[in-house]
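Beneath this line is the structure, given in structure tokens, with notes to follow.
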Amino acid sequence: MRGAGEFCWMDIKTPDLDTTGRELGAALDWECLPDPDDHRDAATARKARFSGHWVAGLSALDGEVHPDGTPPHVSYYLQVHDTRETHRRAVAAGAASVVPPSSIADLGELATVVDPFGAAVSFWQPGRFAGWSHPPGSPGTPGRMLHTSTTPSAAARFYREYLGVALSWATFRAKGAGPPGWTTVIRMSERAPTALTPVRLPSGHAFLFA
């Protein structure tokens with residue numbers, strides 16, 4: 001389990017659960033299937049499993065929750081002690097609120113903002129669900145997180161000083177041609193990585209392989 005101040009989960013938003021599940025299986029050997037302990041309908045939500053651990057959620061981009069035209073994307077969850085207080089601090093420091101603090105059944109409490117540097121992030125206060133349980137850095141699983149923006153030092157200061165989160169498994173870098181945002185780095189072997197390889201699935205979801 002991850003502690004407060006570290007990323008603890010990712011949710012892959014897609015208009016086609018079956019196709020995205022097959023792509024994740026081909027690219028990462030992740031098995032996508034319904035979680036029997038998940039209260040949501042398997043037609044709109046599933047999970048991806050690797051080596052006995054749940055590593056990601058898959059959620060349908062339906063019109064009831066997401067505006068029409070919302071592109072496929074990945075939401076990243078940062079575990080915090082207090083979702084409401086972290087949301088308040090983030091907004092006070094210039095973040096834009098997207099989803100106000102809300103309870104998700106008995107699983108936990110969620111809030112989503114776009115930080116002052118253009119990256120969306122969700123705050124997660126665990127209830128029954130704490131997120132990732134795989135060992136950090138294990139091959140085939142989400143590992144480090146990368147934040148890209150035009151001002152990486154200011155972005156790091158926003159999270160670590162204004163929000164008071166450790167983020168010991170995160171790196172801040174200047175963005176290239178793409179938009180700012182958070183991306184997970186997936187370790188592909190036991191060897192120490194020497195470079196990050198951007199990978200975009202046909203569904204449009206982007207990850208970094210190391």
Side-chain angles (χ1 to χ4, degrees), residues 2 5-16 19-20 23-24 26-30 48 50 55-59 61 66-67 69-79 90-91 93-99 112-124 132 136-163 165-210:
R2 306 304 186 268
E6 305 293 345
F7 279 91
C8 66
W9 190 244
M10 56 190 285
D11 194 61
I12 300 169
K13 315 291 187 182
T14 174
D16 190 330
T19 298
T20 300
E23 292 175 5
L24 291 168
L28 294 165
D29 202 25
W30 289 1
F50 182 79
V55 290
L58 282 80
S59 298
L61 275 172
H66 304 89
T70 301
H73 63 282
V74 184
S75 295
Y76 293 104
Y77 290 34
L78 175 60
Q79 184 172 323
V91 172
S97 179
V98 177
V99 177
T112 301
V113 303
V114 174
D115 70 27
F117 312 92
V121 62
S122 293
F123 305 130
W124 182 252
W132 288 328
S138 53
T141 63
R144 297 195 65 83
M145 295 292 299
L146 177 67
H147 183 286
T148 54
S149 71
T150 56
T151 52
S153 59
R157 188 165 57 251
F158 167 80
Y159 282 89
R160 290 171 173 149
E161 294 183 13
Y162 289 94
L163 300 190
V165 293
L167 290 181
S168 55
W169 286 83
T171 304
F172 294 81
R173 291 185 181 175
K175 76 178 190 70
W182 282 103
T183 310
T184 189
V185 179
I186 298 173
R187 187 81 169 265
M188 299 306 293
S189 73
E190 295 285 357
R191 294 175 298 175
T194 57
L196 301 180
T197 303
V199 176
R200 182 174 292 274
L201 301 182
S203 59
H205 300 97
F207 306 101
L208 291 167
F209 286 1

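Here the closest heavy-atom approach between residue Pro139 and residue Phe50 is recorded as O-CE2, 3.3 Å. Considering every non-hydrogen atom in both Phe117 and Ser149, the closest pair reads CB-CB, 3.8 Å. Between Trp182 and Ala119 the shortest heavy-atom distance is CD1-CB, 4.0 Å. Contact detail for Ser97 and Val91: the closest heavy-atom pair is CB-CG2, 4.1 Å. In terms of heavy-atom proximity, Gly94 sits nearest to Pro116 at C-CG, 3.6 Å. For the residue pair Ser168 and Glu6, the shortest heavy atom distance occurs at OG-OE2, 2.6 Å.
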* Asked: What do the steps show when you test Gln79 against Val165 for side chain to side chain contact (heavy atoms under 4.5 Å, CB included), and what is the final call?
  -> CA-CA 9 Å; Gln79 184 172 323; Val165 293; over 6 Å; no

* Would Thr184 and Val74 satisfy side chain to side chain contact (heavy atoms under 4.5 Å, CB included), going step by step from the backbone distance to the final call? -> CA-CA 9 Å; Thr184 189; Val74 184; over 6 Å; no

* Asked: Between Thr141 and Arg187, is a side chain to side chain contact (heavy atoms under 4.5 Å, CB included) present by the stated rule, with each step listed?
  -> CA-CA 6 Å; Thr141 63; Arg187 187 81 169 265; 5.9 Å; no

* To do: I would like to know whether Leu24 and Ile12 meet side chain to side chain contact (heavy atoms under 4.5 Å, CB included); could you show each step before the answer?
  => CA-CA 10 Å; Leu24 291 168; Ile12 300 169; 3.7 Å; yes

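Counting only heavy atoms from C-beta outward, the side chains of Phe123 and Leu163 approach each other to under 4.5 Å. When side chains are defined from C-beta on, Thr14 does not count as touching Thr19, because their heavy atoms never get closer than 4.5 Å. Side-chain contact between Thr183 and Thr148 is absent, with no heavy-atom pair separated by less than 4.5 Å. In this structure the side chain of His147 reaches within 4.5 angstrom of the side chain of Asp115, judged on heavy atoms. Within the 4.5 Å cutoff, no side-chain heavy atoms of Val121 are placed close to those of Tyr76. Side-chain contact between Ile186 and Trp30 is present, with heavy atoms from C-beta onward closer than 4.5 Å. For the pair Phe7/Tyr77, no side-chain contact is recorded, criterion being any heavy-atom separation below 4.5 Å from C-beta on.
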Expected list for residues 198-205: side-chain donor-acceptor pairs under 3.5 angstrom, two or more places apart:
unit_1	atom_1	unit_2	atom_2	d
Arg200	NH1	Gly204	O	2.6
Ser203	OG	Glu23	OE1	2.9
Ser203	OG	His205	ND1	2.7
His205	NE2	Lys13	O	2.7

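Here Trp9 contributes atom CH2 and Arg2 contributes atom CZ; the two are 11.0 Å apart, rounded to the nearest 0.5 Å. To the nearest 0.5 angstrom, Tyr162 atom OH is 6.5 Å from Arg157 atom CZ. Here Thr171 contributes atom OG1 and Arg144 contributes atom CZ; the two are 4.0 Å apart, rounded to the nearest 0.5 Å.
Side chain of Arg173 to main chain of Leu146: no donor-acceptor pair is present (N/O by atom type, distance under 3.5 Å, no hydrogens or angles).
By the 30° and 60° cut-offs, the orientation of the rings of Tyr159 relative to Phe172 is tilted.
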